[in-house]
Amino acid sequence: MAAPFLEEPLYSFWKNQGAGEDTAETPGMRVDVEKYRMKYRSYRLGYTPAKGPVEDILKEAEKDSTRSKHKIAGTEDEDKSPIDEPLFHHLSDAKRADIGKYRDDYRKYRLGYASGAKGEVANLFKRTISQSHGGYQEVERICKELSEDDDSDLIRTVSEPAVPTWLPNRLKGLTTQLSGIFADAADESASGSQPIFFTQPQSVLPDPSASYIKVPQMPDGSLQLDAGFLLSNTPLPKAATEFSSIHVIQTAGVSAKIGAAQVKNSAAKLGKQCVVHDWPTIPDNDAKAEYDALYNVASDLILQGANRATLLVFVGAGEPGEMALAVILAMLPFRGIQLAYVTPATEYENPLRTLRSPSGVFEYTATQPERMGRASLAAIFGPLEPCTFKEPLTTWSPLRPEVHPEEQPAPFKIGGLDLPMVTFEGAYSDGVERLANLLVSHYGQDVYPVVSVGETGDALGYGDDLLGAIAAHDCPGFYFPHASGETCKSPEAYGQLELLKAIGAAKQSGKKVVVIAVGGGVNGNATGMIAAMTGSVFVEVPTTLMHYNDATTSAKKAFSLVVNGQILSKNILGTFYLPQLVFCISETFLTLSKSSVHAAVGEACKTMGMLGIANSKTGQEDWHNILGGVEFASDFTKIIETVGGFEKLIRFLQGTRELKAKALALGEELSAMRMERASFGQMATCAKHREKRLAELRRFFHDQLTSEDRAEVIKFLTVINTEIIAAKAMFLAYSDPFEKYRALLFEYAHTLGHGVEAFMNGLYRRATACGLDYSEAFRLHGQCVGMAVLWAGEMSKQQGLLDGDGFLAHQGLLYTFNRFGGYDFAPLRRLCDQLSVSKEEFCEGVLQVVRRDNKRGYCKCAADSSVDQLVRERPGCLLRSSDPDAELRYLVEVTEDSQRRVLERAYDCEFDKVAVLKDGNLQLVSRMEASGQEGDQVKTASALRGLIGSLYKEGSGETEA
Ligand SMILES: NC(=O)c1ccc[n+]([C@@H]2O[C@H](COP(=O)([O-])OP(=O)(O)OC[C@H]3O[C@@H](n4cnc5c(N)ncnc54)[C@H](O)[C@@H]3O)[C@@H](O)[C@H]2O)c1
């Protein structure tokens, strides 16, 4: 079965390897690391805490920190040995009981939040596994070792206590109590007089605050630190009842070491785990050393078992700039842990004012609305009288562009804050000009633009053009081209000396630094981290659909953990930080790859399937528990009616591949010339040639396509973006701005989607090693989600939850967009055959990933079961659980057998179909049958939309709202 339409230039494969999306944690990695931590902690429990005079304390502190470093260095022997078992058997009963209790406590406090609990393998590997240690193979070995651990102890989250009344109720493949009549989750039962769907609060973000607590002093005036005192006086993280452990950062100097040792010893007496980390001595005015220290120590924290409920104690010397570094450090792991900052300073430092690192490059202002009220500094401990700092969030004044005839705004809010998002639909060069004008007029002549762009955006000139346009206003800036792709989403790739120096110099000369991310979601997320660390204005210029409608519609920004090119953990070190403007120039989408468009549509079909017609009366009942949902509720299914524009865009991208390749080649030549410091004239000539190719490509769009076709393409882009942005806003505007509860619904179809994505990425690596071309089989994350939407529908059908027209409507959403085979399994099957991967191996491989899915941590899940989200009856109607923990995320428990069955059928290509309109009837026909037909997908879509509408009316006898 040939699928010649799935060609992709090879360069995009390796660049996109490991692609996934933000809420999608690297499957399995979190669980593996938890096991590693358990071992490591048991190992540490075997040591007697130090007691005795100061010299002993110092010695012990030194020893402890060496031990900690030694562990980081991780000799092969240590890493291989089953650390906990032998030690465990040698312990006394009392000690074993302690460990048992500790384990129970630890389990209680394991991470479970989606935002942040992202895999948790640390930079340890990155920094210690060099080529001389076996490099990549060594990383593989460690990952394998971790993943071979028993994974039967998946635990629930910190915040949501177990419900003792849980009674699994098996129904075909389903093992949950069904609550088709929507039982409210515990947190939403008291909705007051007005239904919460119609309640639009003014503000949902907290004002930051922090307390100063007086610490008892020794007769010589030095601070007397005690773990119990710190634990009981530092506010707990939201929803936790206790701190799970203490991690102490000891700065250089005797008093900090004594302080750290005091905390460690008193923690041991309490039976509380305590790990000490060294803060390096940083040369004066060295931003790069500050950056490296922040990420080295943050990674060390994660590896050595810090979790969301950890208390981070920073024992400082009271030096200027130290508090800023402590706060920025605490903001990184899991997007923020509670910080107790200990300082001997004899004057107050307000932690809510702008804090600057000694180099002046990094800064944190807790009242910045961009940070959405998150203040990672929870308490200050020192010799002064107690007091409380509290400040309101400053007024949110983003760059709100005035109405422009060529601009389409896409309304969006997060945490009650409006985020201006616009698409410029005119000519590319006018769009660049318009953006430059907006930036200079809003931020003034003192603006210092820092344009960050990945390889492809650089080669296509997208970053260069914008910087040039701003410079033309007499506002020069800094150009920061960097490697593209998921494997480069790491602190190392972005923390470049020149970049930090440029930002530092601009700040020193009083400029307004505006960090601008031009490119895909990887660039947006990682560049956002640089903006957040430097407290700069952040502006996003998305050039992929995914970046525009998914990555910018979330405040989550993050780096991944990447070791020797392998992604070990996605988005683990991050923070919340909002851009002040999202400005998209639609003509940049004309150079996208087909996969990228299919991926965006795969995610859109997921949204249509789960939310349906949310602004209908029935929809309002379905989503009655979403605070302020009414503001952004929409008929999300209208996206299908733009299928004509989608098909025309795909054809256009196919027809212009050569032009794009030529432009890219010229762009790459230009980058090389820049590196070799070629003359300005030579570079200008090359840039002109590239511009010519791109102009030709755009002309092709304007001259070769009829105005109707063009309008259809633009409509497709506008509608998919507007609707997906509205869908995100419906949940993030008020209900769940930090994406921990209801908004996790956006994980629909991600369980098996992640499974197949991770498994196929392994096959791509094998194919590369065998020299096989896997271009046809390559699938981006969103395409895997698209396939999994179909599988979710099939599972619902198996379980009698979705049938007849409801099933047809749910499956038809994706099948309408499948004329080009972007969601077919056949090419993946061919690769499996070439690599001799049997059906069993495929299913088992995918299920292994599924077994480590972190959604299991949110609710009960039996050994032979999994958790997932399922639609019942029709699109937009989610199956709901009576377990409040699960219900908060629309999770239900399903059997692994039901997942296996659907995977087996996918492997047999049973689901490679297309929705067509035959004799006036909507039908799902096999790829074979479909290939002979031209078909009119616009009519198909219209019939499908009619069917969905009638399902809504049938269910309620309503007329649409
Ligand atoms: N923060 C969030 O909540 C969130 C949500 C969704 C996705 N994300 C993140 O977004 C990332 C995925 O984003 P993506 O799909 O844009 O991938 P990407 O950023 O890797 O871009 C894909 C490729 O397309 C290239 N490219 C970008 N624009 C182009 C254009 N106009 N023409 C030609 N090539 C172009 C890029 O250089 C890259 O090689 C993931 O890292 C994910 O974690 C984050």
Side-chain angles (χ1 to χ4, degrees), residues 22 205 331 335 363-365 368-374 393-401 407 409-424 431 434-436 438-440 442-443 447-454 457 462-463 466-467 470 477 480 489 494 503 512-559 571 574-585 588 721 724-725 728-729 732-733 737-739:
D22 187 64
L205 300 177
M331 107 185 166
R335 297 197 176 89
E363 65 179 59
Y364 192 100
T365 312
Q368 241 185 318
E370 281 91 333
R371 300 194 190 272
M372 299 170 73
R374 311 264 304 188
L393 279 183
T394 39
T395 309
W396 174 235
S397 36
L399 199 171
R400 299 183 178 101
E407 249 160 49
F412 180 70
K413 266 188 196 166
I414 182 164
L417 306 177
D418 65 306
L419 170 52
M421 299 184 68
V422 296
T423 305
F424 187 89
R434 160 82 172 152
L435 177 56
L438 280 172
L439 294 173
V440 176
H442 188 79
Y443 298 110
V447 67
Y448 184 79
V450 172
V451 174
S452 165
V453 64
Y462 294 152
L466 179 59
L467 194 68
I470 305 173
F480 179 53
K489 195 180 181 183
Y494 287 76
I503 294 177
K512 178 100 179 163
V513 179
V514 178
V515 174
I516 309 168
V518 182
V522 168
N523 178 51
N525 271 203
T527 304
M529 287 302 293
I530 297 296
M533 291 184 71
T534 56
S536 308
V537 169
F538 183 41
V539 169
E540 292 189 73
V541 185
T543 59
T544 65
L545 297 169
M546 174 75 122
H547 184 194
Y548 186 48
N549 63 40
D550 206 348
T552 61
T553 51
S554 159
K556 296 189 290 181
K557 306 290 169 245
F559 287 125
N571 303 329
T575 190
F576 290 86
Y577 202 71
L578 291 177
Q580 294 205 0
L581 170 69
V582 177
F583 191 93
C584 174
I585 303 172
T588 58
N721 284 328
I724 300 302
I725 288 166
K728 293 281 291 285
L732 271 57
F738 297 105
E739 299 172 62

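Below, each value reflects all heavy atoms present in this structure, side chains not excepted, and no hydrogens, waters or symmetry copies. In this text the structure is predicted, and so the values were computed from the model without any measurement.
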Worksheet item: Taking atom types as modelled, is there a side-chain donor on T423 or Y548 under 3.5 Å from an acceptor on the other?
Response: yes
Discussion item. Contact between L545 and I724 at the side-chain level, heavy atoms closer than 4.5 Å - yes or no?
Written reply: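 No. Closest side-chain heavy atoms not under 4.5 Å.
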Discussion item. In the structure I gave you, are the side-chain heavy atoms of R371 and F576 within less than 4.5 Å of one another anywhere?
Written reply: no
Worksheet item: If we only count heavy atoms from C-beta on, is the V513 to T534 side-chain gap below 4.5 Å?
Response: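 Side-chain contact under 4.5 Å: no.
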Discussion item. Please find the pair of heavy atoms, one from P542 and one from V582, that lie closest to each other, and give the distance.
Written reply: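 Result for this residue pair: CG-CG1, 3.6 Å.
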Response to the item:
Partner of M421 under side chain to side chain contact (heavy atoms under 4.5 Å, CB included), picked from T552, N549, L581, is T552
Discussion item. A side-chain contact here means heavy atoms from C-beta on lying under 4.5 Å apart; do K728 and I414 qualify?
Written reply: no
Discussion item. Any heavy-atom pair between the side chains of L466 and V518 that's under 4.5 Å?
Written reply: yes
Discussion item. Quick one, Y462 with I585, criterion side-chain contact (heavy atoms from CB on, under 4.5 Å). Give me CA distance, side-chain angles, the key distance, then yes/no.
Written reply: CA-CA 10 Å; Y462 294 152; I585 303 172; over 6 Å; no
Item to complete: Evaluate side-chain contact (heavy atoms from CB on, under 4.5 Å) for L435 paired with F424, printing each intermediate quantity in order.
Response: CA-CA 9 Å; L435 177 56; F424 187 89; over 6 Å; no
Item to complete: Mark yes or no for whether D418, through its side chain, and P411, through its backbone, hold a donor-acceptor pair below 3.5 Å.
Response: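 The answer is no, because no donor-acceptor pair under 3.5 Å joins these two groups.
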Worksheet item: Nearest heavy-atom pair of M372 and A555: which atoms, and what distance?
Response: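 Here M372 and A555 meet closest at SD-CB, 3.3 Å.
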Worksheet item: With under 30° as parallel and over 60° as perpendicular, where do the rings of Y577 and F538 fit, or are they tilted in between?
Response: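 Taking F538 first and then Y577, their aromatic rings sit tilted (interplane angle of 30° to 60°).
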Discussion item. Distance check, rounded to the nearest 0.5 Å: T575 atom OG1 versus Y364 atom OH?
Written reply: 6.0 Å
Worksheet item: Can you check whether D550's main-chain N or O pairs, donor with acceptor, with T553's side chain at less than 3.5 Å?
Response: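 Yes: the side chain of T553 pairs with the backbone of D550.
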Worksheet item: Does any non-hydrogen side-chain atom of I516 lie less than 4.5 Å from one of L439?
Response: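 A side-chain contact exists here, since the closest heavy-atom pair is under 4.5 Å.
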Fill in: side-chain contact (heavy atoms from CB on, under 4.5 Å) evaluation trace for Y494 with M529
CA-CA 9 Å; Y494 287 76; M529 287 302 293; over 6 Å; no
Worksheet item: For the atom pair OG1 (T365) and CG (L393), what is the distance rounded to the nearest 0.5 Å?
Response: 11.5 Å
Discussion item. Which heavy atom of G520 sits nearest to which heavy atom of T543, and what is that distance?
Written reply: N-OG1, 3.8 Å
Discussion item. I need the minimum non-hydrogen distance between P401 and E407, along with the two atoms involved.
Written reply: CB-OE1, 3.9 Å
Fill in: K489 side-chain N/O to A526 backbone N/O, donor-acceptor pair under 3.5 Å
no
Worksheet item: Considering all heavy atoms of both residues, which atom of N523 and which atom of S452 are nearest to each other, and what is their separation?
Response: OD1-OG, 3.0 Å
Discussion item. Is any side-chain heavy atom of L467 closer than 4.5 Å to one of P449?
Written reply: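 The answer is yes, as the side chains (C-beta and beyond) meet within the 4.5 Å cut-off.
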Practice prompt. Given side-chain contact (heavy atoms from CB on, under 4.5 Å), test H442 with R400 step by step and report yes or no.
Written response: CA-CA 9 Å; H442 188 79; R400 299 183 178 101; over 6 Å; no
Item to complete: Cation-pi check, R374 to F738: give yes when NZ or CZ is under 6.0 Å from the six-membered ring centre and within 45° of the ring axis, no otherwise.
Response: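 Yes, R374 lies over the aromatic ring of F738.
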Worksheet entry | Minimum heavy-atom distance P369-L578, with the two atoms named |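 Heavy atoms only, the tightest pair is O-CD1, 4.3 Å.
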Worksheet item: Should E540 and K557 count as an ion pair when the cut-off is N to O under 4.0 Å?
Response: yes
